[in-house]
Amino acid sequence: MNNTYYGKLIFELSRPGRVGYSLPKCECEGYSLGDLGQEALRQTETILPECDELTVVRHYTNMSNNNFGVDTGFYPLGSCTMKYNPKLNEELAALPGFNQHPVTPAKFAQGSLKLYDEVQKTLAEIAGLSRFTLNPYAGAHGELTGLMVIRSYHMSRGDSARTKIIVPDSAHGTNPASAAVCGLQIVEVKSTADGTVDIEDLKPLLGPDIAGMMMTNPNTLGLFETKIPEIAKLVHECGGLMYYDGANLNPMLGVCRPGDMGFDVMHINLHKTFSTPHGGGGPGSGPVGVRKGLEQFLPNPQVVAKDFKDSKDFKDLKVYELHCDDESLGYVSFFLGNFAIIVRAYAYLLSLGKENIPTAGKLSVLNANYIKESLRSHYKLPIDTVCKHEFVFDGLLEEYGGDHHSPDHVTTLDVAKRLLDYGFHAPTIYFPLLFHEALMIEPTETESKETLDDFIAVMKRIAEEAKANPEMVKTAPHDTPVRRMDDVKAVKEPKFTFKAL
Ligand SMILES: *Cc1c(COP(=O)(O)O)cnc(C)c1O
């Protein structure tokens, strides 16, 4: 893979005078840029690459080949639900009718508002809650919005003493982060050895200063939290509300509903469970749902459907309006959130339909358990039970990975790097923090048995390599464009600009 274009920046391919475009003839005969006035004109030369069209095409095509995505291969990134994003969703999201200016008056945007309302209602039915807002831009943004709903609820009752929120030690990092941004103090509740919330640890934390409790279900270990009814009862008795982190709702679809379990507020990630694309920081969508009695606190604006009363010939017809509530927590986004993502989720919901949505969740559980049971002969399974859509290994079994004190010890990081050589994206590693060598695998329902079998075979092969030739695994990846990166530097000191030497 060594050619003129490979691994180069477009600026390095630039040659003075090369042009890859042709502009139409200027139609403003008689005008010159100078007429704009000096203050509107750039005073220095722009630095732009000068390339012919073919160079540009090859540059970007090569660059896209260096990327890894669901469209290129298996991507079992635990907690992220990297399910396939059907191309149909993309086509529908690109329909010109949905490409509206954000301040289009509601009467000229009835189709878009209807779509928003139908997604809102469908999610409410799936979740067993009363109403959703689709305005938040991401899961973490939904958490913040949901916590603001909880705060608005307490404030509306004149109860300003509830400044603390309970978060399990297994929670996704965004939970404590969102709570802190919301100005809440975080109180951690421990997990028992079976990986679920410890009720005995919870009881003494409850009191008049508790705003509520955040729970993730299935939790970050991929386990169903079995004691929810009891926990919800305890939290409600102390005056707090129950928050459901539904980023990973996938395995629950059509099987059980957070609203029925006693939750008051929740968020869902459209860019996980509902097959819209994610990665690279967005765009995403984190709808927030509430039970009856909390609707007025949701962010403005809300989309409401009203009966069209003007004519008896159209009695089923609805008109859609934007509604702002005085009790609302305010605005969390511009207009109606990432609308094109909502269109994709709508397409997904309708193409599966009510009958097939539960199948998606069940297949994701079957696939996860299939991989777990197939690999436990080679990898350490710290919690031995039926999982939901994902599960966690705690590194290689000692007979393959060696003793963790030895310099030859093959770690989870080594396994993850070696997987890249075999064309698989690595699972989530070193998260959750409950185990030292966590390897968190989530296959999703969209993978075929052949893909799962290939992955299992490769994971076993890496275990065998770790035993026979640990150096091979410890120095992986061998076949990728770059070898081991400094992960911290790559995040903390990214270079986004090109400086000619
Ligand atoms: C992904 C995830 C989040 C955060 O979602 P973002 O869209 O990345 O902000 C929160 N909680 C859980 C359990 C998640 O898996």
Side-chain angles (χ1 to χ4, degrees), residues 70 75-83 85 123 127 132-148 165-182 186 188-189 191 195-197 213-225 228 242-253 258 263 265-289 332-333 337-338 341-342 344-345 361 364 368 387-392 427-434 438 440-444 491:
V70 180
Y75 207 136
L77 199 63
S79 185
C80 291
T81 314
M82 303 299 288
K83 65 168 78 171
N85 316 132
L123 294 180
F132 266 80
T133 173
L134 314 180
N135 296 6
Y137 291 129
H141 195 205
E143 290 168 25
L144 175 61
T145 305
L147 292 169
M148 286 161 80
I165 187 106
I166 299 171
V167 180
D169 59 1
S170 63
H172 195 272
T174 50
N175 286 192
S178 306
V181 172
C182 192
I186 293 105
E188 192 178 274
V189 58
S191 304
T196 59
V197 169
M213 173 166 176
M214 298 180 89
M215 276 186 91
T216 306
N217 189 41
N219 69 21
T220 306
L221 293 168
L223 304 174
F224 193 94
E225 289 280 356
I228 288 172
M242 288 292 287
Y243 184 91
Y244 190 104
D245 180 335
N248 300 319
L249 198 70
N250 207 32
M252 303 304 185
L253 291 175
F263 285 92
V265 184
M266 78 175 296
H267 84 269
I268 286 173
N269 278 27
L270 295 187
H271 51 286
K272 286 180 183 170
T273 308
F274 296 97
S275 91
T276 72
H278 58 142
S285 179
V288 169
V332 296
S333 58
N338 274 329
I341 292 291
I342 298 167
R344 290 176 173 88
S364 76
C387 64
K388 289 287 165 286
H389 61 306
E390 63 189 350
F391 64 93
V392 182
T428 296
I429 57 171
Y430 300 107
F431 177 82
L433 307 174
L434 301 175
M440 188 183 193
I441 298 173
E442 177 180 9
T444 84
V491 174

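Just follow the structure's listing: the first ligand is 1, and inside any ligand the first atom is 1.
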Colleague: So, the side chain of Asn219 versus the backbone of Gly195: is there a donor-acceptor pair under 3.5 Å, distance only?
Modeller: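 Yes, the answer is positive, given that a donor and an acceptor are paired below the 3.5 Å cut-off.
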Colleague: Which pair of heavy atoms, one from Asn248 and one from Ser79, lies closest together, and at what distance?
Modeller: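 Distance-wise, the nearest heavy atoms are OD1-O, 3.2 Å.
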Colleague: Give the minimum heavy-atom separation between Met440 and Pro432, together with the two atoms involved.
Modeller: SD-CD, 4.0 Å
Colleague: Mind checking what makes ring pair (Phe, Tyr, Trp, His ring centres under 6.0 Å) contact with Phe391, not counting sequence neighbours?
Modeller: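 Residues passing ring pair (Phe, Tyr, Trp, His ring centres under 6.0 Å) with Phe391: Phe393.
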Colleague: Could you tell me whether the side chain of Thr428 and the main chain of Gly78 form a donor-acceptor pair under 3.5 Å?
Modeller: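 Yes; at least one donor-acceptor contact below 3.5 Å.
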Colleague: Side chain of His141, backbone of Val332: donor and acceptor closer than 3.5 Å?
Modeller: yes
Colleague: Show me, by chain and number, every protein residue that has a heavy-atom distance under 4.0 Å to ligand 1.
Modeller: Ser79, Ala138, Gly139, Ala140, Glu143, His172, Thr174, Thr216, Asp245, Ala247, Asn248, Asn269, His271, Lys272
